[in-house]
Amino acid sequence: MRDLAIVTSNKFKIDHIYTNGIRVNNYYFSGKNSKNYNKLALLTAKDSFNIFTKKIGPYPYKELDMTEGLLGKDTGGMEYPGLVMIDGSNFVKNSTKKHSKAKKAAKKKTTESILGTSKYSDLTEDASHEIGHQWFYATVGNDEYMEPWLDEGLTSFLENNVYGLTYTKSKALAAKLEHSSKYYTRKNITKANKLVAELAKKFIHDQKQKAYFINRPVNNPPKGVDTDEMAYEGGSSFSVILMETMGKKKFFNALREYYETYRFKQATTQDFLNIIHKYDNSEKVNYAIKKFIDPNYLK
């Protein structure tokens with residue numbers, strides 16, 4: 001185990017499920033929204049485990065603990081090996097928090113403008129993201145300060161483009177609870193996947209794209225880009241572009257090999273690229289790498 005954390009409260013209620021032979025425990029607070037929180041959190045865990053195991057490889061432990069907490073502004077959760085903390089602010093408080101993502105999505109065509117967003121979908125995204133860290137960070141480690149994209153970027157990719165763009169019971173439940181089931185349909189999932197593919201192909205075919213380096217340390221992101229944009233958004237975008245350029249089959253085969261090769265080890269950006277090149281060393285793939293990876297920071 002890479003880290004140790006302890007969460008304690010005498011107010012927790014406890015529930016659990018089994019998925020892929022793993023016991024998932026959910027520690028949550030009682031209240032008028034607790035039933036929906038518990039059901040949605042556990043269902044998200046089940047869906048995430050099923051998808052990530054199939055796409056990447058098996059979860060390495062016998063058990064996972066999920067704990068609800070009040071984690072503060074713009075903090076959806078926190079990850080540790082075998083333990084994830086999920087922000088429950090919208091469920092244990094009478095929150096008037098506005099969903100800024102929904103406002104942004106309404107201004108332009110995005111996956112969120114197609115599928116909708118709410119406090120329920122936020123919960124599924126936060127839970128799926130922190131669970132995804134069990135694959136990238138807990139199992140495959142990296143220097144989180146020098147190369148934060150390797151854990152946050154790959155995990156954001158799992159959250160947004162693997163779990164998020166697969167039709168699941170958890171996301172369907174979130175839409176039902178928010179009375180937005182008309183948005184969360186298999187047809188719209190297909191539309192959202194097509195939009196992602198179109199944007200990735202547009203990037204690859206535009207030879208005038210500016211470099212958007214993601215493999216820099218926390219204290220030195222590219223000019224005009226904050227650390228979160230670099231690590232989370234940039235890392236996720238790079239993964240999507242590689243996936244669409246290589247083709248999903250080759251990309252996920254490469255990602256599975258990366259996971260197995262560096263299981264319980266420390267990986268670097270160069271290690272990741274070596275495996276990508278093993279599966280696809282084409283001009284288009286190297287163009288994407290050139291635009292996202294700063295050679296000055298390769299180890």
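Ring orientation note: the planes of Tyr18 and His16 are nearly perpendicular, at an angle over 60° on the 30°/60° scale. Ring planes of Phe292 and Phe203: tilted class, angle from 30 to 60°.
A salt bridge is absent between Asp47 and Lys169; no separation between the charged side-chain nitrogens and carboxylate oxygens falls under 4.0 Å. Taking 4.0 Å as the cut-off between side-chain N and carboxylate O, Lys171 and Glu125 count as a salt-bridged pair.
Nearest approach of Ser89 to Leu71, heavy atoms of both residues: OG-N, 4.5 Å. Closest approach of Glu144 to Val218, counting heavy atoms only: O-CG2, 3.9 Å.
Between the side chain of Arg23 and the backbone N or O of Ile17 there is no donor-acceptor pair closer than 3.5 Å. No donor-acceptor distance shorter than 3.5 angstrom exists from the side chain of Glu68 to the backbone of Phe12, with no hydrogens or angles considered.
Within 6.0 Å of atom NZ in Lys291, more than 12 heavy atoms from other residues, nucleotides or ligands are found, so the atom counts as buried in its surroundings.
Proximity of the aromatic rings of Tyr163 and Phe52 is defined here by a centroid distance below 6.0 angstrom, and this criterion is not met.
Screening Thr245, Val285, Asp280, Leu242 for a side chain to side chain contact (heavy atoms under 4.5 Å, CB included) involving Phe251 leaves a single residue, Leu242.
Side-chain atoms of Tyr287 and Gln207, non-hydrogen and from C-beta on, do get closer than 4.5 Å to each other.
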